[in-house]
Amino acid sequence: MANQEKPRRRPSPDPVAVLRGHRAAVNDTCFHPTLPLLFSGAADGELRVWDTASHRTVSSICQGRDGLCKGWVIEEAGLSRRPIFTISTSTYHFCKLSLVKVPCSAHGIQSGSSGSNSDTEPHRVLTGENAGSRDVNPAGGTQEYEQGSSSDGQNILAIAGQESSEIELWDIKSSRKVMCLPQRCSANMTVHPTKQRGLCMAVQAFIPCESGGYINVLSSYEDGSTLWWDVRKPGSPLSSVKYHSESALSIAIDGLCTGGISGGADSKIALFSLDHQKGTFSLRNEVEIERPGIASIAIRPDNKITATAGWDHRIRVYNYTKGNALAVLKYHSATCNAVAFSHDCKLMASCSADTTVALWELYPPKTPSKVDIATEEVEK
């Protein structure tokens, strides 16, 4: 049974800073994994890089609606003048792209310290930190699933394809498309796995520990369904669920890649687990919200809290494990389009159609005591 949302009656906290400078609705935002930088992208094509300490713009560029995905290097003076790669996807839609997320433990990251989530992973590309992953084999044939194998996934990009119900995987190094989900040669089957589900609305690529380095993908669709793909079986999804009665608009996977949360155009969010042995979803909890429409979801790297960006101008914060409401943030004056957490778990950013980006300090992670540190050293 769904839990009714019951926010606490404490007054809504104010943001610690508000970043102004965009002239159009801010559609997305995310943190750099190691530097004190925040990225925000607006509807007019402007990308801004902000210093999270000084709250000032470091650099900005503009890109039109050209069907291209580009990456830049961050230099001392800001972004490089020319992109380090350009991928011509020829896709025109509002589904956000995804780079591959790996479990926090794969980087030797402990809970509560810097981690990896879907909203921050693209900055590996922006900073040129692509070294170390194995080249993707673009050849076809019986070994086609090798195209989706990568030692850490840093060179693979997932995006809704030209056929808007399909997912495309691209190799950033070669700027070539390496795979389509479902596999094109399997798309002539009697029942197409995705076409009847409508547009792909959200996508998240990840490499679970159990996959042996092969990429998995979660994709959400216009009919409210979510599919789970493994590139070793590109013809059809491992599993599918329908947690939403209307379009599933957003999806996030947690820091361990063992579960996640989804939101849609209806009045609920769904928290789920992933059974990697069986390849199935398991619904943990449903939370009903007062007003419909969740544009974006993020889970903090330490898996303690999660936040949603709503059509009702609100940011809602929940306990990720229990699903209970913790706070409702009411700063923005228009639709909230995205929310993101910093890797050190100290900051949260939200962006809105009101052209602003807000920075928040919420439920900061506990600083390890000297006893804890000494204990960890002994255990090592």
Side-chain angles (χ1 to χ4, degrees), residues 19-30 38-50 57-74 78-99 118-126 156-172 174-177 180-181 194 198-205 217 219-222 247-251 265 293-296 309 311 332 334-340 349-357:
L19 310 181
R20 295 181 173 87
H22 282 292
R23 296 178 295 275
V26 186
N27 290 336
D28 203 6
T29 187
C30 45
L38 178 76
F39 302 83
S40 59
D44 61 358
E46 183 186 35
L47 168 68
R48 281 183 178 251
V49 185
W50 306 85
T57 300
V58 175
S59 183
S60 66
I61 55 173
C62 194
Q63 179 181 342
R65 194 168 184 268
D66 50 15
L68 302 177
C69 291
K70 298 180 179 180
W72 283 265
V73 175
I74 295 180
L79 295 178
S80 56
R81 292 188 177 182
R82 296 182 180 181
I84 57 172
F85 70 82
T86 298
I87 298 176
S88 180
T89 64
S90 299
T91 57
Y92 300 88
H93 47 67
F94 49 82
C95 178
K96 298 174 184 178
L97 63 83
S98 168
L99 271 80
S118 59
D119 295 318
T120 54
E121 199 66 31
H123 305 136
R124 296 178 183 276
V125 178
L126 289 174
I156 302 297
L157 178 151
I159 192 171
Q162 284 184 278
E163 171 55 55
S164 56
S165 68
E166 297 178 351
I167 307 299
E168 295 176 355
L169 299 183
W170 289 76
D171 178 10
I172 292 172
S174 64
S175 298
R176 296 179 63 182
K177 181 168 60 178
C180 184
L181 301 172
T194 59
L199 299 176
C200 178
M201 311 299 287
V203 61
Q204 174 64 67
V217 178
S219 54
S220 296
Y221 295 87
E222 194 174 6
S247 298
L249 303 175
S250 54
I251 192 165
I294 298 298
S296 175
W311 291 353
H332 292 292
T335 297
C336 295
N337 291 324
V339 62
S350 61
C351 63
S352 167
D354 64 11
T355 74
T356 67
V357 179

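One-based numbering along the sequence shown.
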Ignoring hydrogens and angles, tell me if any N or O in the side chain of [X] forms a donor-acceptor pair with the backbone of [Y] under 3.5 Å.
{"X": "Ser175", "Y": "Ile87", "value": "no"}
{"X": "Thr335", "Y": "Ala353", "value": "no"}
{"X": "Asn337", "Y": "Asp28", "value": "no"}
{"X": "Glu222", "Y": "Leu199", "value": "yes"}
{"X": "Gln204", "Y": "Ser98", "value": "no"}

Positive for side-chain contact (heavy atoms from CB on, under 4.5 Å) with Phe39, one of Thr29, Val58, Leu47: Leu47

Quick check: closest heavy atoms across [X] and [Y], and the distance to 0.1 Å?
{"X": "Ala24", "Y": "Ala42", "answer": "O-CB, 4.0 Å"}
{"X": "Trp311", "Y": "Ala265", "answer": "CH2-CB, 3.7 Å"}
{"X": "Ala340", "Y": "Cys30", "answer": "CB-CA, 4.0 Å"}
{"X": "Ala338", "Y": "Lys96", "answer": "CB-NZ, 3.7 Å"}
{"X": "Ser296", "Y": "Ser250", "answer": "CA-CB, 3.7 Å"}
{"X": "Ile294", "Y": "Leu249", "answer": "O-CB, 3.5 Å"}

Is there a side-chain contact between [X] and [Y], using heavy atoms and a 4.5 Å cut-off?
{"X": "Leu38", "Y": "Leu19", "result": "yes"}
{"X": "Leu68", "Y": "Gln63", "result": "yes"}
{"X": "Ile172", "Y": "Arg176", "result": "no"}
{"X": "Thr57", "Y": "Val49", "result": "no"}
{"X": "Trp170", "Y": "Ile156", "result": "no"}

side-chain hydrogen bond (donor to acceptor under 3.5 Å, both in side chains) with [X]: which residues, sequence neighbours excluded?
{"X": "Asp44", "result": "none"}
{"X": "Ser220", "result": "Thr226"}
{"X": "Ser40", "result": "His22, Trp50"}

Pairwise side chain to side chain donor-acceptor pair (under 3.5 Å) hits with a residue in residues 81-92, at least two apart: Thr89-Thr91

Partner residues of Thr194 under the side-chain contact (heavy atoms from CB on, under 4.5 Å) criterion, sequence neighbours left out: Ser165, Glu166, Pro182, His192, Tyr221, Leu227, Trp229

Those residues that, when tested against Asp354, pass side-chain contact (heavy atoms from CB on, under 4.5 Å) (two or more places apart):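 In terms of side-chain contact (heavy atoms from CB on, under 4.5 Å), with neighbours along the sequence ignored, Asp354 is linked to His332, Ser333, Ala334, Ser352, Thr356.
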
Distance check, rounded to the nearest 0.5 Å: [X] atom [atom1] versus [Y] atom [atom2]?
{"X": "His93", "Y": "Gln162", "atom1": "NE2", "atom2": "CD", "result": "9.0 Å"}
{"X": "Leu157", "Y": "Leu97", "atom1": "CG", "atom2": "CG", "result": "5.0 Å"}
{"X": "Ser219", "Y": "Ile251", "atom1": "OG", "atom2": "CD1", "result": "8.0 Å"}

With sequence neighbours excluded, residues passing salt bridge (Lys or Arg N to Asp or Glu O under 4.0 Å) with Glu46: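 Glu46 satisfies salt bridge (Lys or Arg N to Asp or Glu O under 4.0 Å) with Arg48 only.
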
